[in-house]
Each structure stands twice: as C-alpha cells, then as structure tokens.
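In what follows, chains are A, B, ... by sequence order, proteins preceding strands, each numbered from 1. The analysis underlying the following values was restricted to heavy atoms, covering all of them including side chains, and did not include hydrogens, waters or symmetry mates. Every value quoted in this text rests on a predicted model; they were computed, and no experiment measured them.
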Amino acid sequence: MPELPEVETVRRSLEPAIGATLASLWTSGKPLRLNRPIPKAKLKALVGRTITALRRHGKYLLVDLNGPSSLLVHLGMTGSLRLHDAKDAREAHTHVVIGLGDGRELRYADPRRFGQVDVFERAREHEHPSLRVLGPDPYASTVDGDYLFERSRGRGTTLKSFLLDQANLAGVGNIYAAEALWRAKLKPTRRARRLTRVEAAALARAVRTSFDEALAHGGTTFSDFVDGSGQAGENAEYLVVYGRAGQPCRRCKSPIRRTIVQGRATYFCPTCQLS
DNA sequence: ATCACGACCTGGAGGC
DNA sequence: TGCCTCCAGGTCGTGA
C-alpha cells in the first residue's frame with residue numbers, strides 16, 4: 001500500500017499532533033517485520049516528550065520529539081498511523097498506542113506486521129540501519145536525470161527493479177514504478193544500463209509527476225490505505241497503468257498488459273512502452 | 001558486488 | 001456454509 005505519496009499524505013494529516021506531549025504507551029507485544037519486537041522500553045522512555053516536527057524520507061515517517069530522540073515508523077504493506085479519540089474502539093491489529101494526554105491517541109495498526117517502529121537519536125540518524133541504506137528522496141534537488149543516469153551505469157537489472165531498489169531512490173514502490181515507466185515510455189524489463197541520458201531525465205520527471213498526481217488525490221487506496229485521520233485516497237481512479245490490465249492505454253488505447261517481473265505484478269502498455 | 005527468488009504475515013476474493 | 005488457492009502497496013536473507 002504505502003509508497004511515498006501515501007506516506008507523505010499520512011505525514012501531512014498528522015500535523016495536528018505537533019505540539020502534543022506523549023503521556024502513555026501501550027504495545028501489543030507482537031513482533032513486526034523480521035520478527036523484531038517493538039522496542040517498548042525505548043518507547044516508554046519517550047513519555048513526557050513533545051512532538052516538534054513530522055518528517056519523511058522515502059517511505060519512512062520520522063516523528064521528531066524535543067530532546068535527542070525521534071520515532072521511526074514504516075507502514076510496510078498494511079500499516080496505518082492514525083490520530084484517534086481515546087474513546088474510539090481500538091481496531092484489530094493495533095500494535096502501538098501512544099496516549100497524548102489531551103484525549104487523543106496516536107495508534108499504529110498493521111495486520112500483516114510487515115512494518116517497523118523504532119526510536120533513534122537524531123544526531124545519529126544517518127547511522128540507523130534502515131535509513132543508512134536509503135538513496136535520496138525523489139523530491140531532493142540532487143535527484144535528476146543525471147543522477148539516475150550515473151546511478152544506472154553498469155546495472156544489469158531491469159528498470160523496474162532499479163526503481164524499486166530503495167538504495168537508488170527512496171519511496172518508489174510497485175504502483176508508482178509502473179506509473180513512472182509508462183509516463184517515461186520505458187519498458188519495465190529494459191536493462192537499467194541501457195538507459196540514455198535523455199531517457200533518464202524523462203524518468204526522473206515521470207517519477208515526480210506520478211507522485212505529484214497521487215499526492216493531489218490523497219494517495220492510492222485499494223483496500224486499506226488511510227491517512228492519519230482515517231481518510232482513504234482517491235488516486236486509484238487516476239492510475240494510468242497499475243491494476244488496469246485489459247483496459248485501454250490512456251495514450252494509445254492498446255489494452256494494458258499485466259506480466260510478472262521478478263515476482264511482482266507489472267503493468268505496461270505494449271505499444272507505448274516498446275523499449 | 002550484483003541479482004533473482006522466496007519468505008515473512010493476514011485477510012479478502014473467487015472457485016468448487 | 002466451508003475449504004482451498006491465489007493475491008496484495010514492502011523488505012530482507014539466501015544462494016547462485
């Protein structure tokens with residue numbers, strides 16, 4: 001579910017939590033991704049801190065608190081981070097509840113438990129195992145055609161895998177890889193090393209255009225994505241290729257094709273995305 | 001080092 | 001109604 005536009009939508013929707021103070025903490029006791037336990041003691045130590053800012057890098061949401069620490073949240077496939085009234089019934093698969101002491105609660109829920117919740121020291125942010133390996137956020141000024149061109153030299157993998165590799169660009173997932181490749185008129189199975197400088201520039205623009213559109217529509221919801229206030233996104237209606245197998249290409253009317261590339265559903269237009 | 005693949009986990013959809 | 005199989009927005013460990 002949540003790729004960069006969805007995580008950014010969550011980030012924006014949680015801004016009303018800035019200024020709130022962490023007052024209590026509850027965890028389910030169930031482990032998340034890689035069977036790793038939620039660091040309850042580190043989270044408990046944050047009680048008394050105030051939320052000062054909400055940031056995002058790629059698909060990671062960073063909640064800054066006064067003092068040296070921040071909270072890291074990754075939504076995995078099915079995670080949600082929502083502001084609730086403390087009186088609201090707790091939804092199934094809730095794993096972290098942070099009481100804000102003002103009648104509100106920040107709740108992390110994640111049915112599949114592919115997500116991540118952690119605490120880190122901001123001064124050592126770049127050393128965090130999950131953040132350390134990330135490439136630049138596609139909205140960073142350093143990301144342009146030249147960056148993608150240089151980065152793709154000597155890479156024998158497909159463009160699709162290249163885009164999904166968070167070490168290259170942080171934030172692209174399976175939906176927007178397909179969307180961006182369609183916009184740039186590039187075939188998902190094209191080898192990254194074959195990208196020309198002109199194509200790389202088109203791809204950099206295409207990634208951002210796809211994200212801009214999705215953001216304007218509040219993100220893509222298929223079944224379970226919601227923002228911090230529980231609102232679903234409308235972007236599924238506007239997708240150009242993802243999930244549109246058999247439907248006409250929005251450029252040339254050819255039926256969109258679905259294939260599997262490296263184990264993941266891949267949508268493209270066989271006419272527009274010839275190479 | 002790079003790359004492809006399967007595993008992780010739950011729930012929903014569809015077939016019988 | 002049940003039971004089975006397949007599929008899903010992400011990441012990471014393994015082995016070639």
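For A:Ile260 and C:dC7, the CD1 to C1' distance is 10 Å, given to the nearest whole Å. Across the protein-nucleic acid pair, A:Phe222 atom CZ and B:dA13 atom C1' stand 15 Å apart, rounded to whole Å. The distance from atom CG of A:Asp224 to atom C1' of C:dC7 is 13 Å, rounded to the nearest whole Å. Here C:dT11 presents its P atom at 15 Å from CG of A:Asp118, a figure rounded to the nearest Å.
Taking atom P on both nucleotides, B:dC9 is separated from C:dT14 by 15 Å, rounded to a whole Å.
Note on A:Arg258: a side-chain N or O is less than 4.0 Å away from OP1 or OP2 of C:dA8.
With sequence neighbours left out, A:Arg33 forms a salt bridge (Lys or Arg N to Asp or Glu O under 4.0 Å) with no residue at all. In this view, A:Glu234 satisfies the salt bridge (Lys or Arg N to Asp or Glu O under 4.0 Å) rule with no residue, not counting sequence neighbours. With sequence neighbours left out, A:Lys87 forms a salt bridge (Lys or Arg N to Asp or Glu O under 4.0 Å) with A:Asp85. Not counting sequence neighbours, A:Arg191 has no partner by the side chain to side chain donor-acceptor pair (under 3.5 Å) test. The salt bridge (Lys or Arg N to Asp or Glu O under 4.0 Å) test applied to A:Arg244 returns no partner, not counting sequence neighbours.
Listed by residue number, the members of residues 164-173 of chain A with any heavy atom below 4.0 angstrom from DNA chain C are A:Gln166, A:Gly173.
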Can you check nucleotides 1-5 of chain B for protein contacts, nitrogen or oxygen pairs under 3.5 Å, and list what you find?
residue: B:dC3; atom: OP1; partner: A:Gly156; partner atom: N; Å: 2.5
residue: B:dC3; atom: OP1; partner: A:Thr157; partner atom: N; Å: 3.1
residue: B:dC3; atom: OP2; partner: A:Arg155; partner atom: NE; Å: 2.8
residue: B:dC3; atom: OP2; partner: A:Arg155; partner atom: NH2; Å: 3.0
residue: B:dA4; atom: OP1; partner: A:Gln262; partner atom: OE1; Å: 3.4
residue: B:dA4; atom: OP2; partner: A:Thr157; partner atom: OG1; Å: 3.0
residue: B:dA4; atom: OP2; partner: A:Gln262; partner atom: OE1; Å: 3.3
residue: B:dA4; atom: OP2; partner: A:Gln262; partner atom: NE2; Å: 3.4

For nucleotides 7-12 of chain B, 5' to 3', base contacts (B), sugar-phosphate-only contacts (S) and non-contacts (-) with protein non-hydrogen atoms under 4.0 Å give -BBBS-
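Among pairs with a residue in residues 56-104 of chain A, those fulfilling ring-ring contact (aromatic ring centres under 6.0 Å, His included) read A:Tyr60-A:His74, at least two apart in sequence or across chains. Within the structure, side-chain hydrogen bond (donor to acceptor under 3.5 Å, both in side chains) pairs that include any residue of residues 196-210 of chain A comprise A:Asp146-A:Arg197, A:Glu150-A:Arg197, A:Arg183-A:Ser210, A:Arg190-A:Glu199, A:Thr196-A:Glu199 (at least two apart or interchain).
The residues A:Glu125 and A:Arg122 are annotated as not salt-bridged, no charged nitrogen and carboxylate oxygen being separated by less than 4.0 angstrom. A salt bridge is defined here as a Lys NZ or Arg NE, NH1 or NH2 lying under 4.0 Å from an Asp or Glu carboxylate O, and A:Arg12 with A:Asp227 fails to meet this definition.
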Secondary structure string for DNA chain B (Watson-Crick or G-U under 3.5 angstrom, | for other-strand pairs): .|||||||.|||||||
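None of A:Thr189, A:Thr266, A:Asp165 except one satisfies the side-chain hydrogen bond (donor to acceptor under 3.5 Å, both in side chains) rule with A:Lys160; the exception is A:Thr266. Checking each of A:Thr221, A:Thr220, A:Thr9 against A:Asn235 for a side-chain hydrogen bond (donor to acceptor under 3.5 Å, both in side chains) leaves exactly one that passes, namely A:Thr220.
In this structure a side-chain-to-backbone donor-acceptor pair under 3.5 Å is present from A:Glu3 to A:Ile175.
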Quick one: side chains of residues 46-53 of chain A, donor-acceptor pairs under 3.5 Å with protein atoms, not counting sequence neighbours, listed by atom name and distance.
residue: A:Thr50; atom: OG1; partner: A:Thr21; partner atom: OG1; Å: 2.8
residue: A:Thr52; atom: OG1; partner: A:Asp64; partner atom: O; Å: 3.3

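Both A:Pro129 and A:Tyr267 lie near DNA chain C, and the one whose nearest nucleotide falls closer to the 5' end is A:Tyr267.
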